[in-house]
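Below you'll find the structure, written out as structure tokens, and then a few comments.
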Number of protein chains: 2
Amino acid sequence: METNNKRYSCFFQLATDIIGGKWKSMVLWTLKKDVKRNGELKRLIPNISQKMLTQQLRELEDAGIVERIIYPVIPPKVEYKLTTAGEKLIPILYDLHDWGKEYAQNHNIDFGEEAHCVID
Amino acid sequence: METNNKRYSCFFQLATDIIGGKWKSMVLWTLKKDVKRNGELKRLIPNISQKMLTQQLRELEDAGIVERIIYPVIPPKVEYKLTTAGEKLIPILYDLHDWGKEYAQNHNIDFGEEAHCVID
DNA sequence: CAGTATCCCATCAGATACTG
DNA sequence: CAGTATCTGATGGGATACTG
């Protein structure tokens, strides 16, 4: 099977390709509760650059996971929200979060009081 | 929090760091049913090179997700199996697989008859 | 069989400057 | 505010040859 010159031999591969990479799942995680603007995402995601943020948002948009809402005002206002397909990923990301928590406990990794995951 | 010079602000970030990257989750997926040898993994994972396979296996081993079992025989025999922590990830990977399947259906992506995901 | 070791190129990603 | 453009260094990753 092929999409955009990419060949997949299975659904799992398709899924990891869509939400893979260094930042994509973190962007989705940050959008899990509500709509966010560019500036908010940049503040909430540690160490992401504007370039990477824009790039990842565009790719998520192309994949139909995130929707970009442009308000024709000055100064510019743009919001990003999960699509229906994107929202269906959130429970899976929560499971991953929980796995990470258990892993941290079993490996005596201490996150301290504020392991809030951006916004929990 | 810090491990190996890496800083995490949340459990989710920790989780995605451990199983992230281009190959790691695919390696885990391939090990989901049973123990596999180096050669089997190379055959089952499309396009992975020996270099990448070894590299990813070592990192998964260091993270305590995969165990490496060496049999002192000639010719060499090495098996890779999931640890308890690794096995706990499998249900999550299945959810991701199912999400990919639904995504493919909603986007009219046709995998044909044999979208077996390496070995389902 | 199960790897290592090199070489080398392609892509990723940070820093900086600029714009509607 | 929400980006784009460009330059450059870092990292990822393929090809090939070799080893216990």
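Letters A, B, ... mirror the listed sequences (proteins, then strands); counts begin at 1.
To the nearest angstrom, C1' of dA5(D) lies 13 Å from CE of Met52(A). When the P atom of dG12(D) is taken as reference, atom CD1 of Ile48(B) falls 14 Å away, rounded to whole Å.
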Worksheet item: Using Watson-Crick and G-U wobble pairs with both distances under 3.5 Å, what is the 5'-to-3' dot-bracket string of DNA chain C, with [ ] for crossing pairs and | for pairs outside the strand?
Response: ||||||||||||||||||||
Worksheet item: What do the steps show when you test Leu89(B) against Ile18(B) for side chain to side chain contact (heavy atoms under 4.5 Å, CB included), and what is the final call?
Response: CA-CA 11 Å; Leu89(B) 276 168; Ile18(B) 291 174; 5.8 Å; no
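No donor-acceptor distance shorter than 3.5 angstrom exists from the side chain of Lys88(A) to the backbone of Ala85(A), with no hydrogens or angles considered. When atom types are taken as modelled, the side chain of Thr83(A) and the backbone of Gly64(A) share a donor-acceptor pair closer than 3.5 angstrom.
Heavy-atom minimum distance, Leu28(A) versus Ile90(A): O-CD1, 3.8 Å. Taking every heavy atom of both residues into account, Leu31(A) and Tyr80(A) meet most closely at CD2-O, 3.4 Å.
Contacts between residues 54-83 of chain A and DNA chain C, counted as heavy-atom distances below 4.0 Å, involve Pro76(A).
The hydrophobic clustering, which links ILVMFWY residues whose side-chain heavy atoms are closer than 4.5 Å, places Leu82(A) and Ile70(A) together.
Within 6.0 Å of NZ on Lys24(A) lie more than 12 heavy atoms contributed by other residues, nucleotides or ligands.
The nucleotide range of DNA chain C contacted by chain B, defined by atoms under 4.0 angstrom from heavy atoms of the protein and reported 5' to 3', is dC1(C) to dC7(C).
Ring planes of His107(A) and Tyr103(A): parallel class, angle under 30° (limits at 30 and 60°). Between His97(A) and Phe11(B), the angle of the ring planes goes over 60°, which puts this pair in the perpendicular group of the 30/60° scheme.
With values rounded to the nearest 0.5 angstrom, Arg58(B) atom CZ is found 8.5 Å from Leu53(B) atom CG.
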